[in-house]
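The next block holds one structure in the form of structure tokens; read it before the comments.
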Protein chains: 2
Amino acid sequence: MADSGPEGRRTPLSRDRVLRSAVALADASGIDAVSMRGLAQELGVVPMALYKHVSGKEQVIDGMVDLVIGEFEPPDPALDWRGAVRSRVLSARRAVLRHPWARQAIESRTHRSPTVLGYMDAVAGTFIAGGFSPDLTHHLMHALGNRIWGFTPELFAEAPDPDRGADPPTVEAQQAMAREFAERYPHILAIATAATGGDLSRVGQGCDEQFEFEFALDLLLDGADRLRRDGWSSLHRRPRPDR
Amino acid sequence: MADSGPEGRRTPLSRDRVLRSAVALADASGIDAVSMRGLAQELGVVPMALYKHVSGKEQVIDGMVDLVIGEFEPPDPALDWRGAVRSRVLSARRAVLRHPWARQAIESRTHRSPTVLGYMDAVAGTFIAGGFSPDLTHHLMHALGNRIWGFTPELFAEAPDPDRGADPPTVEAQQAMAREFAERYPHILAIATAATGGDLSRVGQGCDEQFEFEFALDLLLDGADRLRRDGWSSLHRRPRPDR
DNA sequence: GACGGTAGGTGTACGGTGTACACCTGTCAA
DNA sequence: TTGACAGGTGTACACCGTACACCTACCGTC
């Protein structure tokens, strides 16, 4: 898995090879498997060898994120601003779904690499080309938040029914827990009931993330459209206290 | 800082004391200072002593998040749904701003503690009491995403001008970099120019997070209001493929 | 052809992390 | 008096990122 020739004379390391290997490793074994030691082993090399090509672990993660962003597809130029933003963001989503670790990796970043800036500039440019002022574009991108990377923080990541604990609970214990849950969190229960069409045995399945994502995206794009047509300008903005 | 008496006979540990100490430590020295060893030292105790009161580090972070959520204030009951949601969320924001580590801690959580569920139930209940269906409430809470915890992922966390590097660059180098930036990221530059009123020397100050937060929040609440008045129902929903 | 610089892989070591496990000790009920 | 047990201790292990010295194979120059 590491060498190329039958013995010795392996293909030399390079920044690119390190990063692609890191992505492959994260795809296969999760982001936690991407340690300098694990990555080195994957490449058939000693950990410190990596430092001749990358400055440290942070830069590895940065590079992995850049590779994912490189998979984002540009929109069809025939699309209007709305379709173009939608296309860009849904393409980002597909890429992030292909690499389940990417969400956490992107969230943990604090640097903005040229690749990241390039993507943000492209999204901003799509708004501006669609007739939005730079100011309004700015606020809308804040409103979109992480959605421009193709994901929303998962509020309902786990099933609402808390089935923690070691051994399988008895039927009575499960019923008692369900009753307590219904008493303590009646609204969450109502939501779960509605989401599963009343079939509470399906509560554990979680929600349709794709639908939720597009719902939120369209809600924001609708709001954007309305502001643009209403001629929103920064005059709506309260004066900002100088700091 | 650890004991209570002049010598010996310290106040005994407890889960609550451990968690409050962890919050204080994170407030003072950042979330990275909250290691089992550092926390134990803060309490004048050996690291393994903590494990008699909490099951591990994950549970410590969970408990810290619960304490922050405990600081959220319930809304004035006289408020309508919109004011109540706004009040709740802005109160959450104030609490999170008081504890700068809370954002990262909340984002890293995967469990939903009873306290977390209770807060989510309260927000959902506010929507439902305002006339929203559980279904629409569900989608809106996804749309709000992490905003219900009082923060948005910071897209523009750093200044757009990349002033990395070791020694202070010459004026010429700075101008060259600015020129390159303007060429590569024209739209980000336009946004930064607009945000600072043309005063590019203020670009490094970042943006007014509070304004951006409220802008996005109100954009979403406006959208929510419109959907409610239009009688949105789950009929708009495409059939969901069974998994 | 000898030589010196250098790019790139190696080995060792340090200080940090979370936590499993055995141990000890003081308190309190029986 | 005894014995259980809650709670604090000490040691140890496996892992992490990475600083630093080293070694080795190549390559252009004289």
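Chain A is the first sequence line, chain B the second, and so forth, proteins listed ahead of strands; every chain is numbered from 1. Note: hydrogens, waters and symmetry copies are ignored here, and every other heavy atom, side chains too, is used.
Side-chain N/O atoms of B:K52 include none lying less than 4.0 angstrom from OP1 or OP2 on D:dG8. Between A:H53 and C:dA7 there is no side-chain polar atom (N or O) within less than 4.0 angstrom of OP1 or OP2.
Atom-to-atom, CE of B:M48 to P of D:dA6 comes out at 17 Å; the value is rounded to the nearest Å. Separating the CD1 atom of A:I61 from the P atom of D:dT18 is a distance of 11 Å, rounded to the nearest angstrom. At whole-Å resolution of the value, OH in A:Y51 and P in D:dG17 are 6 Å apart. Taking atom CE of residue A:M36 and atom P of nucleotide C:dT12, one finds them 19 Å apart after rounding to whole Å. If you take CD of A:E58 and C1' of D:dC16, they are 13 Å apart, rounded to a whole angstrom. Between the P atom of D:dG10 and the CD atom of B:Q41 lies a distance of 14 Å, rounded to the nearest Å. Nucleotide C:dT17 holds its P atom 8 Å from the NZ atom of B:K57, rounded to whole Å. Atom CG of A:L50 and atom P of D:dA19 are 13 Å apart (whole Å).
Between B:H99 and B:D27, the side chains place a donor N or O and an acceptor N or O closer than 3.5 Å (distance only, hydrogens not considered).
Across every non-hydrogen atom of A:L144 and A:I148, the tightest pair is CB-CG2, 3.7 Å.
Note: A:R93 CZ to A:R103 CZ = 7.0 Å, rounded to the nearest 0.5 Å.
With hydrogens and angles ignored, no donor-acceptor pair closer than 3.5 Å exists between the side chain of B:R37 and the base of C:dG16.
Within a 6.0 Å sphere centred on CZ of A:R109, other residues, nucleotides and ligands contribute more than 12 heavy atoms.
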